[in-house]
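First the structure, in the form of structure tokens, and then the observations on it.
Both counts, for ligands and for their atoms, begin at 1 and track the order of listing. As the structure is a computational prediction, the values presented were derived from the model and not from experiment. The figures here come from the full heavy-atom set of this structure, side chains too, leaving out hydrogens, waters and symmetry mates.
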Amino acid sequence: MSMLSGKKAYVFGVLNEYSIGWHISQQLHQAGCQLAFSHLPGEKIERRVVKAVEPFKPAFLAPCDVSKDEDIASAFIKAKEHFGTFDYLIHSLAFAPAEALHNPFLQTSRAAWNTALDISAYSLLALAREAQPLMNPGGSIITMSYLGAEKFIPMYNVMAVAKAALECTVRYLAAELGRHEKQIRVNAISAGAIKTMAARGIGDIDKMMVHYTEKAPLKWNADDAATHVGKTALYLCSDLSSGVTGETIYVDGGYNIVGW
Ligand SMILES: NC(=O)c1ccc[n+]([C@@H]2O[C@H](COP(=O)([O-])OP(=O)(O)OC[C@H]3O[C@@H](n4cnc5c(N)ncnc54)[C@H](O)[C@@H]3O)[C@@H](O)[C@H]2O)c1
């Protein structure tokens, strides 16, 4: 029997086959997990996502802009209709206005700050709140973070603040949900550089990939970087991680441990 057979996951944040959420889905699918997806509303995006997730034979797709409470509510009404209950919530999304990533950090506007923290950090709390009543005991929630939460990364700017808030949110959710009788676990994966649409918006991703390849103790390259992340997500969903919650686990080939 496969590791996750009979289990169900709701994945937020697949845009295309390059998305980290897609690679997490691939690992869960291979392990026998049934999948459902949300996508940003809009016909063009929906078509793109439908095509990308087709190999995973999704139970359903739901439009959801996580900055809108009504979208989140209807995404989980759909989950109740199609899934009844489910086991895993994958939060693999983030957004910051382009100007906040390209201008000096000092110039970050209040509006850009609010948007980045709302979509990239508060959304985890909002999704977890709706998900918890529908999640089975022993379930797992996973989000995606980045080294910028802890260290200065050029141009990461307000997204770094959002990731710091996200990692803190993981700890508070883990404490509350872990003490609840359902014992749901909440963890973040802090990934190394991966060539995705979101990464292209931050800066020179090709230069960053070369830097990671040169510096990370383990091999880190565009071909299998996202697969490493997917495998850790599989571990965090599976019973192998039954004692792990509130953690930020680095999956970056060891890049973060190197000082010079
Ligand atoms: N690519 C990297 O190098 C890297 C490294 C570490 C962490 N991450 C994180 O991984 C996660 C996934 O990003 P990715 O790199 O796979 O890029 P991606 O562009 O493939 O995925 C980003 C997703 O966010 C979704 N999104 C943006 N705004 C949204 C909103 N308002 N409502 C709902 N969905 C919204 C997009 O539709 C998309 O599906 C993000 O949290 C990102 O910060 C990425």
Side-chain angles (χ1 to χ4, degrees), residues 10-26 37-42 44-50 52-53 61-72 74-75 90-98 101 114-124 126-127 142-151 153 155-167 169-170 188-209 211-213 216 220-222 225-230 232-233 248-253 255-256:
Y10 201 179
V11 182
F12 286 70
V14 173
L15 179 64
N16 53 35
E17 296 83 348
Y18 301 100
S19 296
I20 293 174
W22 190 93
H23 288 270
I24 292 174
S25 302
Q26 185 185 43
F37 298 88
S38 85
H39 58 81
L40 264 176
K44 209 170 146 198
I45 290 196
E46 185 177 352
R47 269 202 306 276
R48 197 193 283 195
V49 176
V50 166
V53 303
L61 274 89
C64 179
D65 178 338
V66 297
S67 66
K68 297 188 174 139
D69 288 336
E70 60 275 21
D71 277 22
I72 294 178
S74 55
I90 310 298
H91 174 274
S92 183
L93 59 90
F95 176 79
L101 302 172
N114 287 345
T115 299
L117 270 89
D118 182 18
I119 295 177
S120 314
Y122 178 76
S123 62
L124 176 67
L127 295 186
I142 300 173
T143 187
M144 293 304 310
S145 194
Y146 182 59
L147 181 63
E150 283 187 38
K151 300 272 162 62
I153 305 285
M155 291 170 79
Y156 208 56
N157 295 358
V158 72
M159 188 55 83
V161 182
K163 291 303 189 192
L166 181 73
E167 292 181 10
T169 303
V170 163
I189 297 173
S190 185
I194 295 173
K195 268 180 142 179
T196 64
M197 195 65 96
R200 281 176 214 280
I202 303 282
D204 193 341
I205 182 68
D206 289 319
K207 211 165 142 192
M208 222 168 153
M209 291 303 303
H211 184 64
Y212 264 76
T213 307
W220 190 262
N221 58 54
T227 305
H228 294 308
V229 174
T232 297
T248 296
I249 300 180
Y250 278 92
V251 181
D252 62 353
Y255 177 89
N256 75 94

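Judged purely by atom type and a 3.5 angstrom limit, Ser120 has no side-chain atom pairing as donor or acceptor with the backbone of Leu117.
Screening Asp252, Ile249, Val251 against Val229 for a side-chain contact (heavy atoms from CB on, under 4.5 Å) leaves a single residue, Val251.
Residues satisfying the salt bridge (Lys or Arg N to Asp or Glu O under 4.0 Å) criterion with Arg200, sequence neighbours excluded, are absent altogether. Remark: Tyr156 engages no residue in a side-chain hydrogen bond (donor to acceptor under 3.5 Å, both in side chains) (not counting sequence neighbours). Every residue meeting the salt bridge (Lys or Arg N to Asp or Glu O under 4.0 Å) condition with Asp206, not counting sequence neighbours, appears here in chain and number order: Lys195.
Between the CE atom of Met159 and the CG atom of Leu166 there is a distance of 10.0 Å, given to the nearest 0.5 Å.
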Contact table ligand 1 N or O to protein N or O, d under 3.5 Å:
from	atom 1	to	atom 2	distance (Å)
ligand 1	1 (N)	Ile194	O	3.0
ligand 1	1 (N)	Thr196	OG1	3.2
ligand 1	3 (O)	Ile194	N	2.8
ligand 1	3 (O)	Ile194	O	3.3
ligand 1	15 (O)	Thr196	OG1	2.5
ligand 1	16 (O)	Ile20	N	2.8
ligand 1	17 (O)	Thr196	OG1	3.2
ligand 1	19 (O)	Ala198	N	3.0
ligand 1	20 (O)	Ser19	OG	2.6
ligand 1	31 (N)	Asp65	OD1	3.0
ligand 1	32 (N)	Val66	N	3.0
ligand 1	39 (O)	Gly13	O	3.4
ligand 1	41 (O)	Leu93	O	3.2
ligand 1	41 (O)	Lys163	NZ	2.9
ligand 1	43 (O)	Lys163	NZ	2.8

